[in-house]
Number of protein chains: 2
Amino acid sequence: MSKSLLELTPVEAVACCAPVTREPLSAEAAERIVPLVKAIADPVRLRLLSLVASHADGEACVCDLNDAFDLSQPTISHHLKLLHQAGLLDREKRGVWVYYRINTAALGDLAGLLGGVTA
Amino acid sequence: MSKSLLELTPVEAVACCAPVTREPLSAEAAERIVPLVKAIADPVRLRLLSLVASHADGEACVCDLNDAFDLSQPTISHHLKLLHQAGLLDREKRGVWVYYRINTAALGDLAGLLGGVTA
DNA sequence: TCGTCACATCGACATCCATCTATGTCCGGA
DNA sequence: TCCGGACATAGATGGATGTCGATGTGACGA
């Protein structure tokens, strides 16, 4: 059987929705979308996302990401966890290092949801 | 002369930026974009935006919006103010009533910023 | 087996934010 | 001129969130 709504990442729960400008959003739909928006509503997370997305090979090691900020390693780890839980970043451990890769479809769904008219 | 950066609404400050996935976002660019994302990172504001956008004539009276939520009038007023300050909603007072209209270009800019690849 | 490196988790703390009640302002009607 | 309705503002408060230092975990090399 398919996963229940509560088991879905925010990204998976959003992929089905009509654009915001088409019809009034139900309270339930809004609650499903918001976690995804909140995930990118932070300057550090936005830059992390951008860094991973624009990185060579489409993936980035945590060690590279840490160096790009004047923040402690646990803080970066915390933000990466949020982005991963939202479904925007995929996580893969290889040896001692952890690589994050962007989920392009997720960003696309979100963009379509907002743009709506032009989609 | 053109307005200084600090006088711009978040929407105006964002319209020029390259998509998030194209190149690493600078700290300054991220700080400009985030207020716009935060403006829609709330279920009530997301629904308000959707209500106004999908309303007949493309505009909605505050009195209509109040009725759609189980929240106090000042709370709705507060959220509308944030959306207006972000540049996502235009405000017009006609007589006793206040009408809000959506800034479609703003949502489009934001969507393009996120989508990037498909823009 | 031990030490070290890469990353995650924990617990604490300060700040931010959504919401409320109370009050202010502006407009139109009586 | 006064009253009431529509909306905004002010101040207070509880909960969410970003950050930190300390610590845990798991993999690799000596």
Side-chain angles (χ1 to χ4, degrees), chain A residues 9-10 25 27 30-52 55 59-86 88-101, chain B residues 9-10 25 27 30-52 55 59-86 88-101:
Chain A
T9 65
L25 222 51
E31 296 288 350
R32 284 202 305 274
I33 297 175
V34 160
L36 193 54
V37 181
K38 281 190 174 179
I40 60 170
D42 179 277
V44 175
R45 289 196 291 272
L46 208 50
R47 288 181 63 199
L48 280 171
L49 208 62
S50 177
L51 275 172
V52 173
H55 203 271
E59 65 180 14
C61 174
V62 176
C63 52
D64 296 330
L65 302 173
N66 275 325
D67 295 344
F69 298 86
D70 269 343
L71 293 172
S72 69
Q73 173 265 324
T75 297
I76 300 298
S77 183
H78 166 69
H79 286 304
L80 287 171
K81 181 182 182 179
L82 291 186
L83 287 170
H84 175 59
Q85 285 177 337
L88 290 167
L89 287 183
D90 294 329
R91 201 184 103 100
E92 185 187 355
K93 182 160 186 172
R94 291 206 294 269
V96 184
W97 297 280
V98 172
Y99 292 84
Y100 283 91
R101 178 179 295 273
Chain B
T9 64
L25 222 52
E31 295 289 350
R32 283 202 307 274
I33 297 175
V34 159
L36 193 54
V37 181
K38 281 192 174 178
I40 60 171
D42 179 279
V44 174
R45 289 196 290 273
L46 209 50
R47 288 181 63 200
L48 280 171
L49 208 61
S50 178
L51 275 171
V52 173
H55 203 271
E59 64 180 13
C61 174
V62 176
C63 52
D64 297 330
L65 301 174
N66 274 325
D67 296 343
F69 298 86
D70 270 342
L71 293 171
S72 68
Q73 173 266 323
T75 296
I76 300 298
S77 182
H78 166 69
H79 286 304
L80 287 171
K81 181 181 181 179
L82 291 186
L83 287 170
H84 174 59
Q85 286 177 335
L88 290 167
L89 287 183
D90 294 328
R91 202 184 103 102
E92 185 187 353
K93 182 161 189 173
R94 291 207 293 271
V96 184
W97 296 279
V98 172
Y99 292 85
Y100 283 92
R101 178 178 296 273

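Proteins come first, then strands; the chains are lettered A, B, ... in the order of their sequence lines, and each starts at number 1.
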Between [N] and [X], is there an OP1 or OP2 to side-chain N/O distance shorter than 4.0 Å?
X	N	value
B:R94	D:dA6	no
B:Y99	D:dA6	no
B:H79	C:dC17	no
A:S72	D:dT19	no
A:K93	D:dA27	no

Between [N] atom [atom2] and [X] atom [atom1], what is the distance in whole Å?
X	N	atom1	atom2	value
A:H84	C:dT9	NE2	P	10 Å
B:E31	D:dG18	CD	P	13 Å
A:H78	D:dT17	NE2	P	9 Å
B:L65	D:dA6	CG	C1'	13 Å
B:N66	D:dA8	CG	C1'	12 Å
A:W97	D:dG26	CH2	C1'	14 Å
B:R91	D:dT9	CZ	P	7 Å
B:D42	C:dC16	CG	P	18 Å

Query raised in the report: Of the non-hydrogen atoms in B:L65 and B:L51, which two are nearest, and what is the gap between them?
Result: CD2-CB, 3.9 Å
Query raised in the report: What pair of heavy atoms forms the shortest contact from B:R47 to A:A30, and how long is it?
Result: CG-CB, 3.6 Å
Query raised in the report: Under 3.5 Å, is there an N or O donor on one side and an acceptor on the other linking the side chain of B:Q73 and the base of D:dA8?
Result: yes
Report summary line: Closest to the 5' end of DNA chain D, once B:T75 and B:V96 are matched to their nearest nucleotides, is B:V96
Min side-chain heavy-atom separation [X]-[Y] under 4.5 Å:
X	Y	result
A:L82	A:L88	no
A:V37	B:V37	yes
B:K93	B:V98	yes

Requested in this report: Just compare D:dT19, C:dC17, D:dC7 and give me whichever is closest to any side-chain atom of A:V44.
Outcome: D:dT19
